[in-house]
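Take a look at the structure set out below.
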Amino acid sequence: MSIKLGIIGGGQLAWMMGDAAKKLGVELIVQTPSQNDPAVSIAKDSIFAAVDDAAATEILATKCDIITFENEFVNLAALSQLEKKGVCFRPQLAALAPLLDKYEQRCYLRDLGLPVPQFFALPGEKDIESKIADLGFPVVLKARRHGYDGQGTFIIPDFSALSKIINHSNTQFLVEEFVPFTKELAIIAARSVNGEIVIYPAVETFQEEQVCRWVIAPAIITKEQNLEIEAIAHKLLNSLQYIGVLGIELFLTADGKILVNEIAPRTHNSGHFSLDACETSQFEQHLRAVSSLPLNNSILHCSSAVMVNLLGYENCQSDYQKQRQQLADIPQSTVHWYGKTEARPGRKLGHITVLLEQDNRDAVKHIIHQIESIWYPPEKISQNFP
Ligand code: ADP
């Protein structure tokens, strides 16, 4: 009998589980606000409700065996009542609890002994001026909840900019040191019901205005750095007793230090390359983990791969057929188009992955530039090539 899996959230992360669900015989039922959301097209059934609507999740629970998440902006307290009544969430709510608030997440990582940037909560600290003096400007201000793709993240150059934001908002913030990283790295890791752990190759990610533009796999880092990142993933997954896939974003500093920036308790943009470049995608791995199946191999089946996000750059209802065709003509490429009905600046509309036979950074740079030149109008093409 097939497993019926409920997913809270029906965006592209749920949509990309579609093929793996078919392959594994898992039926997907999504809870998502709009009929136009990407995963509605691949779901067996859908409940149209906000992701934090726990009453809707109670109905979802009647239609499925297990519930998982593609979006973490849920109402944990309300979901706990359902868990008490026997609803099976994977990852379990206890594993999500320390991760949903950026400040609490930082405290959890620090208390585990993992390396993190210096930080404090605002409001919450008495002597803000001396705390800030310890960090030095610029500092980074992050809304503790509901931030994503740079929404709710601000680089603050001085006290007057800081006062402007905090005096005009009721938001609770995490304040942290600005890390002058040389690279941003990420890793996808999965843990099964039996505690088996599978880790994907570490990747380099490139953000502009806090939004991921592209990802290169594998990262060029030392063997020791790779081992350190894998050890971080093991420690975190085991400590949380986590079931499923999670993404870990990291900073690499000029002196070779690794700091954990953020944990995403779900599949993650930095792992999209795995759909085309790995034996088992992060989406299949997540379905395997939450459905109590054994995990599968995560190795790259090419020398390297580059994933470029196709970000909206205008308000428009086009399906961008012409650009998509040009992108699909790039050798060894696969275009994933999420089928969103409206483009908005910065919105993730799709992505393209290109596989390479050699790990050659000049070739990677050329491909990224080629993709961005096809996709964006000239003034929106990145000037910051690796
Ligand atoms: P979000 O949840 O919105 O993705 P992140 O914490 O991942 O927020 O921040 C988005 C991006 O902002 C990061 O990928 C990085 O480029 C930049 N950033 C975040 N925190 C810092 C920091 N402490 N120092 C320097 N840059 C940062």
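We count ligands from 1, going down the list as the structure has it; atoms in each ligand are counted the same way.
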The closest protein heavy-atom partner of atom 24 (N) of ligand 1 is Val179 N, 2.8 Å

**Message:** Evaluate Lys142 for polar contact with ligand 1, using N/O atom pairs at a separation under 3.5 Å.
**Reply:** yes

Residue, atom and distance of the protein heavy atom nearest atom 2 (O) of ligand 1 read Lys102 NZ, 2.7 Å

In this structure, atom 17 (C) of ligand 1 is nearest to the protein heavy atom Gln210 CG, 4.2 Å

Glu262 heavy atoms within 4.0 Å reach ligand 1 at atoms 1 (P), 2 (O), 4 (O), 5 (P), 6 (O), 7 (O), 8 (O)

Worksheet item: Are Glu176 and Arg106 within salt-bridge range, i.e. N to O under 4.0 Å?
Response: yes

Note to self: Quick one about Arg361 and Ser304 (side-chain donor to acceptor, distance below 3.5 Å, no hydrogens or angles considered), yes or no?
What the structure shows: no

Establish, from distance only, whether the side-chain atoms of Gln151 and His146 form a donor-acceptor pair under 3.5 Å.
no

Numbered in order shown, the ligand 1 atoms found under 4.0 Å of a heavy atom of Val140 are 20 (N), 21 (C), 22 (C), 23 (N), 24 (N)

request  = Please work out which of the three classes, parallel, tilted or perpendicular, describes the rings of His272 and His351, given edges at 30° and 60°.
outcome  = tilted

Thr205 and Gln207: side chain donor to acceptor below 3.5 Å = yes

Thr153 heavy atoms within 4.0 Å reach ligand 1 at atoms 3 (O), 8 (O)

So for Asn261 against ligand 1, with non-hydrogen atoms under 4.0 Å, the contacting part is side chain

| message | If only side-chain N and O atoms count, and only distance matters, is there a donor-acceptor pair under 3.5 Å linking Lys340 with Asn36? | response | no

Nearest non-hydrogen protein atom to atom 23 (N) of ligand 1, with distance, is Glu176 OE2, 2.7 Å

Nearest heavy atom to atom 7 (O) of ligand 1, choosing from His268, Glu249, Glu209, belongs to Glu249

Checklist line | Any N/O pair Phe251/ligand 1 closer than 3.5 Å | finding: no

What I want to check is whether the side chains of Gln31 and Thr57 have a donor and an acceptor closer together than 3.5 Å.
yes

Nearest non-hydrogen contact to atom 15 (C) of ligand 1 from the set Glu184, Glu177, Glu208, Gln118 belongs to Glu184

Any donor-acceptor pair under 3.5 Å linking the side-chain atoms of Gln225 with those of Thr222?
yes

min-distance protein heavy atom vs atom 3 (O) of ligand 1 -> Gly150 N, 2.7 Å

(Q) Check the orientation of Tyr200 and Phe273. Use parallel for under 30°, tilted for 30 to 60°, and perpendicular for over 60°. (A) perpendicular

The protein heavy atom nearest to atom 26 (N) of ligand 1 is Phe181 CE2, 3.6 Å

